[in-house]
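First comes the structure, then the notes that go with it.
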Amino acid sequence: MLKTRILTAVIILPLFLAALFYLQDIFWATLLLILTIIGSREWSNLSKFSVKNTTLYMVLTTLIGGELLFLLSESVKTDPYASDFLWVYAGSLLFWIIGVPLFLKKSLVIKNPVALMLIGWFVLIPICLALYQLRAISPLLLLGFMATIWISDTAAYFTGRALGKRKLAAKISPGKTWEGVAGALVAVLVYGLIWDYMVPEASLVTTLIPLLLFMTVLGIIGDLFESLIKRQADMKDSGNILPGHGGILDRIDALTSTLPLAILALLIFQSPSL
């Protein structure tokens with residue numbers, strides 16, 4: 001299993017980096033829409049949708065995601081910091097800091113297909129738009145934000161294995177510990193200080209590091225959310241499209257809750273027009 005995971009990562013990472021830095025905008029948008037559609041298929045499986053509802057959900061996701069991506073692409077042509085979709089990113093933040101913690105605390109079981117479709121869109125649509133707009137601002141900046149989550153996950157895993165004793169959410173994800181959370185925060189703090197040191201502009205400590213630490217916390221919440229959804233669906237992975245890694249949702253669980261926050265923070269605090 002470990003060998004398969006490493007092999008998949010070795011293949012996928014260079015392809016992703018090539019797409020991130022070299023794909024034309026239209027092809028980047030197409031790639032994001034395809035991944036979102038695949039994500040909607042996986043969400044349908046987790047939600048136990050019927051064939052009819054799965055087809056409907058994937059079609060609606062294609063139409064909604066495609067239209068929003070088109071509108072966003074038109075906006076960022078003139079201004080990468082366009083705030084047209086600020087409401088989407090703000091709604092995503094509220095979903096992750098209010099709705100999901102309540103969901104996790106009570107271990108709610110939602111069976112209504114319409115409610116599950118809406119929740120799926122709260123998970124999938126904002127990250128799709130955030131990935132497009134962050135890349136329009138700076139591919140390197142987008143990579144930096146994504147690296148925050150990768151560093152957080154890696155540090156949490158190894159710290160938890162070495163020192164973990166107190167369970168974070170034993171009924172949802174038994175492997176996660178409070179020591180792992182602490183390790184993730186320390187690692188991201190160090191990462192943020194290095195980032196700040198390497199940027200030749202004015203110090204970003206007061207803005208960048210709090211953002212990265214907040215992203216770390218939200219990333220853990222996003223991870224726990226998908227873990228609970230999979231546990232309720234009695235599924236180990238959301239899919240099998242990535243050998244050794246599971247599905248698309250398994251790979252972006254922490255990103256779904258963090259990248260919309262990252263672009264929201266940029267639009268509010270860094271936009272030249274504000």
Side-chain angles (χ1 to χ4, degrees), residues 1-2 4-6 8-9 38-39 42-48 92-93 95-111 115-116 119-120 122-124 126-127 145-189 191 212-261:
M1 178 64 73
L2 179 59
T4 303
R5 287 176 64 90
I6 294 174
T8 300
I38 295 173
E42 294 179 359
W43 182 261
S44 298
N45 290 337
L46 292 173
S47 301
K48 304 298 184 181
S92 173
L93 178 60
F95 171 74
W96 288 108
I97 66 174
I98 297 177
V100 171
L102 178 63
F103 183 89
L104 293 173
K105 182 178 180 180
K106 296 184 176 295
S107 295
L108 296 176
V109 178
I110 300 175
K111 296 184 178 180
L116 287 168
I119 292 172
F122 267 107
V123 172
L124 292 167
I127 186 179
F145 282 133
M146 295 180 75
T148 302
I149 301 305
W150 299 335
I151 291 170
S152 170
D153 287 348
T154 303
Y157 174 77
F158 284 107
T159 304
R161 289 200 62 178
L163 305 173
K165 293 181 180 179
R166 295 177 297 171
K167 300 295 184 181
L168 175 64
K171 294 182 179 180
I172 299 175
S173 184
K176 291 181 175 56
T177 64
W178 284 105
E179 290 81 5
V181 172
L185 290 170
V186 171
V188 170
L189 174 61
Y191 172 64
L212 298 185
L213 293 176
F214 192 13
M215 286 177 63
T216 302
V217 174
L218 276 189
I220 294 170
I221 291 175
D223 194 343
L224 288 173
F225 177 72
E226 198 206 339
S227 294
L228 180 57
I229 294 295
K230 288 190 294 186
R231 184 171 290 274
Q232 291 177 349
D234 195 25
M235 294 174 61
K236 182 178 183 295
D237 297 314
S238 64
N240 55 14
I241 194 172
L242 301 172
H245 290 267
I248 295 297
L249 291 177
D250 293 314
R251 291 302 89 210
I252 66 170
D253 50 7
L255 296 174
T256 57
S257 57
T258 55
L259 291 186
L261 166 65

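What you see is a predicted model, and the numbers here were worked out from it, not measured in a lab.
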Does any non-hydrogen side-chain atom of [Y] lie less than 4.5 Å from one of [X]?
X: T256; Y: W96; answer: yes
X: F103; Y: V109; answer: no
X: T258; Y: L261; answer: no

**Prompt:** So, the side chain of K48 versus the backbone of A233: is there a donor-acceptor pair under 3.5 Å, distance only?
**Reply:** yes

**Message:** Please check: side-chain N/O of Q232 versus main-chain N/O of S227, any donor-acceptor pairing under 3.5 Å?
**Reply:**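 Pair absent, no side-chain N/O of Q232 close to backbone of S227.
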
**Message:** Nearest 0.5 Å, please: how far is CG in D253 from CD1 in I229?
**Reply:**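 Reported value, rounded in 0.5 Å steps: 12.0 Å.
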
**Complete:** One should read off an interatomic distance between L46 CG and M235 CE, to the nearest 0.5 angstrom, of 5.0 Å

**Side-chain ion pair, E179 and R166, N-O less than 4.0 Å** =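 Result for this pair is yes, salt bridge flagged.
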
Which heavy atom of [X] sits nearest a heavy atom of [Y], and at what distance?
X: I172; Y: L228; result: CG2-N, 3.7 Å
X: S173; Y: L224; result: CB-CD2, 3.9 Å
X: R231; Y: P174; result: NH2-CD, 3.5 Å
X: T177; Y: G160; result: OG1-CA, 3.6 Å
X: S238; Y: E42; result: OG-OE1, 2.9 Å
X: L249; Y: L124; result: CD2-CD2, 3.8 Å

Hey, can you pull the donor-acceptor pairs under 3.5 Å for the side chains in residues 213-223, sequence neighbours left out?
residue : atom : partner : partner atom : Å
T216    : OG1  : L212    : O            : 2.9
D223    : OD2  : K176    : NZ           : 3.4

**Request:** Can you label the angle between the F95 ring and the F122 ring as parallel, tilted or perpendicular, going by 30° and 60°?
**Result:**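 Because their plane-to-plane angle is under 30°, the rings of F95 and F122 count as parallel.
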
Would you give me the side-chain donor-acceptor pairs under 3.5 Å for residues 146-155, sequence neighbours excluded?
residue : atom : partner : partner atom : Å
T148    : OG1  : G144    : O            : 3.1
T148    : OG1  : F145    : O            : 3.4
T154    : OG1  : W150    : O            : 2.8

**Fill in**
The side chain to side chain donor-acceptor pair (under 3.5 Å) partners of E226 (sequence neighbours excluded) come to none

